[in-house]
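Heads up, the thing below is written out as C-alpha cells.
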Amino acid sequence: MKIEIIKADITRIQADAIVNAANSSLLGGGGVDGAIHRAGGKELLEECIKIRNRQGGCKTGEAVVTTAGNLPAKHVIHTVGPVWNGDKERSSKLLTQCYKNSLKLAESLEIKTIAFPNISTGIYRFPKDLAAAIAIDVVSNFKSEVIEKVIFVCFDDENEEIYKELLNNKD
Ligand code: ADP
C-alpha cells in the first residue's frame, strides 16, 4: 500500500473513498464533518439519517459508509474519533479502531484509494503527534490486496510537518 501525505481540503479529493471525522449522531457538525456535509449535500445526509434510524448512529471507533453525494469521491466512510480526555490508553485504542475499521470497510467495498483527515485532532483535541503516530502505524501494518493507496490529508501546517517527519523516519 502506497502512503501519500498532502495538505489539502479533503472535500476536493477524488478518491474511491474519503473518510469523515464524524460524530456519533451522523448528522454533521463542525470542522471536516461540516465541510463534507456541506459539499456532499442532501443525498449524503439522507443516507446518514437512514443509518441513524436503523442502528442509532455510529459508536466511537466504528465506521459506516454512505454515498459521497456531490463530492468528487465515490464513497464517504464516516468514523467517530474519540474525544481526548487525557486517558491516553483508552483514547489511543479507540483512534486505532477508527483507522482499522475504516480500512476494513474500504477493503470490503473493494476500494483502491482512500483519503483520511487527521481524525480527532481538531475539536476533539487529540494530541497531533500521537494521533499521527497511530494513523501511520495502523496504515503501515494493514495488509491489503485491495487498497492500493492511502492519502493522509492534512489541513494545517503542523499536522503536515508531523506526518512528513514520522513517515520519513520510518524508511
Ligand atoms: P474532530 O472532531 O475529529 O477533532 P475536526 O473536524 O474538528 O474533527 O478536526 C479533524 C481534523 O480535520 C483537524 O486536523 C482539522 O484541521 C481537519 N480539517 C478541518 N476541515 C478540513 C477539511 N476541509 N479537509 C481536511 N481536513 C480538515
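Atoms within each ligand, like the ligands themselves, are counted from 1 in listed order. By convention here, the first residue in the shown sequence is residue 1.
- Here the protein heavy atom with the shortest distance to atom 24 (N) of ligand 1 is I10 N, 2.9 Å.
- Closest protein heavy atom to atom 11 (C) of ligand 1: N118 O, 3.3 Å.
- For G81, the closest heavy-atom approach to ligand 1 does not fall below 4.0 Å.
- Looking only at protein heavy atoms, the nearest one to atom 3 (O) of ligand 1 is S120 N, 2.9 Å.
- Side chains of F152 and F116 form a contact here, defined as non-hydrogen atoms less than 4.5 Å apart.
- Below 4.0 Å from some heavy atom of D9 lie the following atoms of ligand 1, by number and element: 22 (C), 23 (N), 24 (N).
- Between T67 and E47, the side chains place no donor N or O within less than 3.5 Å of an acceptor N or O (distance only, hydrogens not considered).
- Here is the list of ligand 1 atoms found below 4.0 Å of a heavy atom in D156: 14 (O), 16 (O).
- Some N or O of G122 is nearer than 3.5 Å to an N or O of ligand 1, by distance alone.
- Looking at I123 next to ligand 1, an N or O pair under 3.5 Å apart turns up.
- In this structure, the protein non-hydrogen atom closest to atom 27 (C) of ligand 1 is F155 CG, 3.4 Å.
- Salt bridge present: K164 and E160 bring a charged side-chain N and a carboxylate O closer than 4.0 Å.
- Residue contacts with ligand 1 for N159 involve side-chain atoms from C-beta outward but no N, CA, C or O (heavy atoms, distance under 4.0 Å).
- The shortest N or O to N or O distance between Y124 and ligand 1 is below 3.5 Å.
- Tracing side-chain contacts under 4.5 Å through hydrophobic residues (I, L, V, M, F, W, Y), one never reaches I3 starting from I151; they form parts of separate clusters.
- Put simply, the residue from K74, K112, K149 that forms a salt bridge (charged side-chain N to carboxylate O under 4.0 Å, His left out) with D16 is K74.
- Between the side chain of D33 and the main chain of A22, no donor-acceptor pair closer than 3.5 Å is present.
- Y124 and I119 are not part of a single hydrophobic cluster, where members link through side-chain heavy atoms under 4.5 Å apart.
- Nearest protein neighbour of atom 14 (O) of ligand 1, counting heavy atoms only, is T121 OG1, 2.8 Å.
- Screening N85, N118, I134 for a side chain to side chain contact (heavy atoms under 4.5 Å, CB included) with F126, the sole residue that qualifies is I134.
- Cluster annotation: I5 is not connected to V153 through the hydrophobic network of ILVMFWY side chains, with a link wherever side-chain heavy atoms come within less than 4.5 Å.
- From the protein, the heavy atom lying nearest to atom 6 (O) of ligand 1 is V32 N, 2.8 Å.
- For ligand 1, the atoms sitting less than 4.0 Å from at least one non-hydrogen atom of G31 are 6 (O), 20 (N), numbered in the order shown with element in parentheses.
- Cluster membership for V80 and L44, using ILVMFWY side-chain heavy atoms within less than 4.5 angstrom, is not shared.
- Under 4.0 angstrom from ligand 1, there are no non-hydrogen atoms of I36.
- Between A21 and ligand 1, a contact under 3.5 Å exists for no N or O pair.
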